[in-house]
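The block underneath contains the structure these notes are about, expressed in structure tokens.
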Amino acid sequence: MIATFSQLPQQVRQYMLVTFNYWNFTITDGALRMLVVLHFHHLGYTPLQIASLFLFYEFFGVVTNLIGGWLGAKLGLNKTMNIGLAMQVAALFMLAVPADSLTVLWVMLAQAISGIAKDLNKMSAKSAIKTLVPNEQQGALYKWIAILTGSKNALKGAGFFLGGALLAWLGFQGAVVLMASVLAVVLIISLTLLKKDLGKAKKAVKFKEIYSKSRSINILSAARMFLFGARDVWFVVALPIYLGQVFGWDHLWVGGFLALWVIAYGFVQGFAPRITGKAQSVVPDGRVALIWVAVLAFITGAIALGVQYDWQPQFTIVFGLLVFGAVFAVNSSLHSYLIVSYAKGDGVSLDVGFYYMANAMGRLMGTILSGWVYQVAGLAACLWVSFGFLVITTLISIGLPQHKLASAQ
């Protein structure tokens with residue numbers, strides 16, 4: 001198997017290594033989130049208190065993506081990816097302390113380190129693909145980005161299941177030690193085999209360049225912020241609490257349903273190129289992104305109306321969430337392709353990092369609003385905020401570059 005791997009073209013080998021790193025990291029990221037949620041719920045924490053444990057995780061994602069893109073261009077994406085892996089190992093071992101030492105502040109600090117690690121790893125993986133695909137092969141770029149993004153979300157859902165299973169099998173401390181040990185092996189493989197100058201800018205990179213000067217990237221970043229804020233404002237805190245409080249689902253049902261949703265969401269992302277036109281040998285532009293986010297806004301408004309007027313709430317929310325997830329997955333995959341396509345080849349991580357900073361800002365905004373709006377006004381209000389964010393995203397997306405669709409290669 002090792003011999004076969006060594007015979008593959010260098011670009012394919014590097015893509016496989018980047019994906020392997022990203023997959024392993026993603027599984028531990030999903031499992032850790034579920035471990036923290038289930039363990040601290042068992043200790044008697046309320047859902048909103050549990051959500052607060054992840055605020056540092058989201059906040060430091062904003063900072064990391066902004067600075068991480070500059071680091072990736074300056075040091076090389078192999079280094080930022082490996083730093084991310086090492087920090088996740090450290091965060092997991094931090095949580096392996098005795099139970100009485102797991103204070104809220106300690107867990108929030110570990111989650112902050114994990115958040116930095118996650119965004120360094122994601123930024124590095126997405127940027128690395130740009131360096132491995134020739135610029136004229138936009139169809140291949142879209143396909144590879146869609147596979148990487150879709151598989152990430154499918155594996156994050158699998159990580160939810162893994163976290164619950166490891167908690168039942170090994171307990172909290174045993175689970176985090178096992179995950180840290182596996183990830184340490186992945187780090188050693190990455191340090192050994194990943195290309196040393198991957199994504200490193202050929203010219204000197206100034207720190208002030210962390211802010212994008214590209215109009216198309218600034219517009220796409222603004223759209224991304226409101227797109228992900230629209231998802232998280234009802235998905236992160238409000239929906240899990242609602243499913244338990246109103247529908248009476250137990251934690252196993254809630255966690256299992258949301259895990260399956262994330263897995264299905266990931267599979268749709270992987271097939272997004274076929275859904276949006278690659279099967280007809282075209283790749284998308286800003287016009288396609290505009291159409292798909294307008295469709296998502298319409299769907300969200302319909303779900304909000306159904307919940308507002310209490311029309312078959314279980315059907316409205318469960319079926320509506322599935323439709324929302326499928327259309328959102330296509331939107332997310334389109335954006336992930338467009339940012340890598342728009343980004344300049346030299347120092348690609350600068351543009352990608354700036355864009356994912358906006359993504360993290362949207363998630364932070366959505367997480368905070370999800371708890372506050374639900375507590376004050378309920379799930380319907382969260383959905384109306386989500387609808388408002390998507391209307392804003394649609395208006396912003398009008399400014400995305402539109403061009404004659406290029407052939408997919």
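Heavy-atom basis, side chains included; hydrogens, waters and symmetry copies ignored.
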Mind checking whether [X] and [Y] have side chains closer than 4.5 Å, heavy atoms only?
| X | Y | answer |
| --- | --- | --- |
| Phe226 | Leu390 | no |
| Lys118 | Gln88 | no |
| Met179 | Leu35 | yes |
| Met81 | Leu120 | no |
| Phe324 | Leu296 | yes |
| Leu102 | His39 | yes |
| Val104 | Phe40 | no |

* To do: Verify side chain to side chain contact (heavy atoms under 4.5 Å, CB included) between Met225 and Asn359, making sure each step is shown before the conclusion.
  => CA-CA 5 Å; Met225 181 176 72; Asn359 182 97; over 6 Å; no
Answer yes if the ring centres of [X] and [Y] are under 6.0 angstrom apart, and no otherwise.
| X | Y | answer |
| --- | --- | --- |
| Tyr374 | Trp234 | no |
| Trp384 | Phe387 | yes |
| Tyr265 | Trp261 | yes |

* Taking atom types as modelled and ignoring hydrogens, do the side chains of Asp29 and Tyr57 form a donor-acceptor contact shorter than 3.5 angstrom? ->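 Side-chain D/A pair, Asp29 to Tyr57: present.
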Would you name the heavy atoms of [X] and [Y] that are closest together and state the gap between them?
| X | Y | result |
| --- | --- | --- |
| Gly286 | Leu400 | CA-CB, 3.6 Å |
| Leu379 | Ala238 | CD1-CB, 4.0 Å |
| Gln173 | Ala96 | CG-O, 3.5 Å |
| Leu383 | Thr300 | O-CG2, 3.8 Å |
| Asn82 | Leu187 | O-CD1, 3.5 Å |
| Leu95 | Phe172 | O-CE2, 3.4 Å |

Please answer whether the main-chain N or O of [Y] pairs with a side-chain N or O of [X] as donor and acceptor at a distance below 3.5 Å.
| X | Y | answer |
| --- | --- | --- |
| Ser114 | Ala110 | no |
| Ser332 | Phe328 | no |
| Ser333 | Val330 | no |
| Ser181 | Val177 | yes |
| Thr367 | Arg363 | yes |
| Ser397 | Leu290 | no |
| Asn331 | Trp292 | yes |
| Ser386 | Cys382 | no |
| Asn121 | Ala117 | no |

Between [atom1] on residue [X] and [atom2] on residue [Y], distance to nearest 0.5 Å:
| X | Y | atom1 | atom2 | answer |
| --- | --- | --- | --- | --- |
| Ile113 | Thr64 | CD1 | OG1 | 11.0 Å |
| Ile396 | Ile219 | CD1 | CD1 | 9.0 Å |
| Ile189 | Asn21 | CD1 | CG | 8.5 Å |
| Leu155 | Phe25 | CG | CZ | 13.5 Å |
| Ser370 | Gln375 | OG | CD | 11.0 Å |
| Ile317 | Ile303 | CD1 | CD1 | 9.0 Å |

* Hey, can you tell me if Phe60 and Phe56 have their rings parallel, tilted or perpendicular (30° and 60° cut-offs)? =>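 Plane angle over 60°, so perpendicular.
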* To do: Kindly determine whether Met365 and Phe389 satisfy side chain to side chain contact (heavy atoms under 4.5 Å, CB included), including the steps that lead there.
  => CA-CA 11 Å; Met365 180 171 58; Phe389 278 7; 3.9 Å; yes
* Whether over 12 other heavy atoms sit under 6.0 Å from Phe247 CZ ->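 Yes - once you tally the heavy atoms of other residues, nucleotides and ligands closer than 6.0 Å, there are more than 12.
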* **Within 6.0 Å of OH in Tyr242, more than 12 heavy atoms from elsewhere** =>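 Result for OH/Tyr242: enclosed.
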